[in-house]
Amino acid sequence: MLKWALLFVTGLAWGHDLGAPVALVASPELTGPYARTVLVATPLASGWHLGVVVNRPTGLRLSELAPDLEAAARIRQPLYIGGHQGIGKLQARVRSPRPPRAGTIHLFADVYLVQDAAEVVRIIQKTPNAARYVAGYVLWPPEVLAEEVAAGAWLVVAPHADFIFREDPASLWEDQVVEIGNTL
């Protein structure tokens with residue numbers, strides 16, 4: 001318990017700049033819809049932060065939601081819930097050496113969130129299993145994410161592509177909590 005208390009007290013001083021992309025691991029004490037989640041968050045030019053939950057797969061397959069899109073039947077991963085905002089909008093998390101064609105947000109390194117519907121369909125048709133498909137995201141107004149981190153809601157770590165493209169994300173939160181606890 002002392003390790004967690006020290007972590008919460010240090011908050012932003014723990015060495016992570018929220019002006020750069022980060023991974024957010026829900027603190028063990030966080031309750032509600034984001035309990036036991038891992039998000040990747042990136043600052044936007046507006047001062048807001050955009051985040052996407054990476055460990056909330058649904059039981060739904062994209063082929064069930066879009067039966068007329070033949071390529072969707074080849075997708076092995078389920079649809080993920082990325083957050084409570086924009087829940088009706090299908091997006092794709094992809095790795096690419098350069099930004100995909102249109103409607104993308106750079107999350108970190110070579111990882112992008114594709115929001116343009118036509119571009120998502122193109123990804124489904126050309127490389128259906130090279131992406132993770134997600135509905136929803138999280139938006140924080142300026143300073144709100146920093147306040148949540150300082151209050152101890154989130155443990156901040158460097159983002160890694162494995163967070164997003166892990167075959168089975170079920171243990172991602174637990175793995176990160178243990179790793180963070182072992183570094184204190």
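Because the structure is predicted, anything quoted here is derived from the model rather than measured.
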- request: Check whether L62 and V114 end up in the same hydrophobic cluster, where Ile, Leu, Val, Met, Phe, Trp and Tyr are linked by side-chain heavy atoms less than 4.5 Å apart.
  value: yes
Test ring-ring contact (aromatic ring centres under 6.0 Å, His included) applied to F108 - qualifying residues, sequence neighbours left out: none
query: Hey, any chance V25 and Y80 share a hydrophobic cluster, counting ILVMFWY side chains that come within less than 4.5 Å of each other, even indirectly?
result: yes
field: Sequence neighbours excluded - salt bridge (Lys or Arg N to Asp or Glu O under 4.0 Å) pairs with any residue from residues 68-89
entry: none
- prompt: Heavy atoms, side chains only, cut-off 4.5 Å: are V94 and V111 in contact?
  reply: no
- prompt: Does I123 share a hydrophobic cluster with I105, counting links as ILVMFWY side-chain heavy atoms below 4.5 Å and allowing steps through other members?
  reply: no
- request: Working to the nearest 0.5 Å, report the span between CG of L79 and CG of L60.
  value: 6.5 Å
- prompt: A23 and F163: which non-hydrogen atoms are nearest, and at how many Å?
  reply: CB-CE1, 3.4 Å
query: Can you find a heavy atom in the side chain of L24 that is under 4.5 Å from one in the side chain of L155?
result: no
message: Side chains of V134 and L90, heavy atoms from C-beta outward: is any pair under 4.5 Å?
response: no
- prompt: What's the shortest heavy-atom distance between P142 and S46, and which atoms?
  reply: CG-O, 4.2 Å
- prompt: According to the salt bridge (Lys or Arg N to Asp or Glu O under 4.0 Å) rule, which pairs have a member within residues 40-55, sequence neighbours left out?
  reply: none
- prompt: Heavy-atom distance under 4.5 Å between the side chains of L39 and V22, does that happen here?
  reply: no
message: How long is the straight-line distance from OG1 of T104 back to CD of Q91, given to the nearest 0.5 Å?
response: 11.5 Å
Selection residues 32-51 - residue pairs positive for salt bridge (Lys or Arg N to Asp or Glu O under 4.0 Å), sequence neighbours left out: R36-E174
task: Could you identify which residues cluster with I87, counting Ile, Leu, Val, Met, Phe, Trp and Tyr as linked when any side-chain heavy atoms lie under 4.5 Å apart, either directly or through a chain of such contacts?
output: I81
- prompt: Is there a path from L18 to L30 through hydrophobic residues (I, L, V, M, F, W, Y) whose side chains come within less than 4.5 Å of each other?
  reply: yes
- prompt: What residue pairs, at least two apart or across chains, pass side-chain hydrogen bond (donor to acceptor under 3.5 Å, both in side chains) with a residue in residues 124-146?
  reply: R132-E167, W140-E148
Where A66 and A72 come nearest, the two heavy atoms and their spacing: O-CB, 4.3 Å
statement: In short, side-chain hydrogen bond (donor to acceptor under 3.5 Å, both in side chains) pairs touching residues 105-114 with sequence neighbours left out are R95-D110
field: Pairs flagged by side-chain hydrogen bond (donor to acceptor under 3.5 Å, both in side chains) wherever residues 156-166 is involved - sequence neighbours left out
entry: R166-D175
- prompt: For R93 and V52, which heavy atoms make the closest approach, and how far apart are they?
  reply: NH1-CG1, 3.5 Å
- prompt: Which pair of heavy atoms, one from P128 and one from A71, lies closest together, and at what distance?
  reply: CB-O, 4.1 Å
query: Do any pairs count as a ring-ring contact (aromatic ring centres under 6.0 Å, His included) and have a residue in residues 47-79, sequence neighbours left out, and if so which ones?
result: none
task: Please name the pair of heavy atoms, one in W173 and one in A26, separated by the smallest distance, quoted to 0.1 Å.
output: NE1-O, 2.7 Å
query: To the nearest 0.5 Å, what is the distance between CD1 (I164) and CG (N55)?
result: 11.0 Å
query: With a 4.5 Å limit on heavy-atom distance, are the side chains of P28 and V177 in contact?
result: yes
query: What distance do E29 atom CD and S27 atom OG have between them, rounded to the nearest 0.5 Å?
result: 5.0 Å
field: Pair listing, ring-ring contact (aromatic ring centres under 6.0 Å, His included) test, anchored in residues 58-77, at least two apart
entry: none
Selection residues 50-64 - residue pairs positive for salt bridge (Lys or Arg N to Asp or Glu O under 4.0 Å), sequence neighbours left out: none
- request: Measure the CG-CG distance between L139 and L50 for me, rounded to the nearest 0.5 Å.
  value: 5.5 Å
- prompt: What residues, two or more places apart in sequence or in another chain, satisfy ring-ring contact (aromatic ring centres under 6.0 Å, His included) together with Y34?
  reply: H84
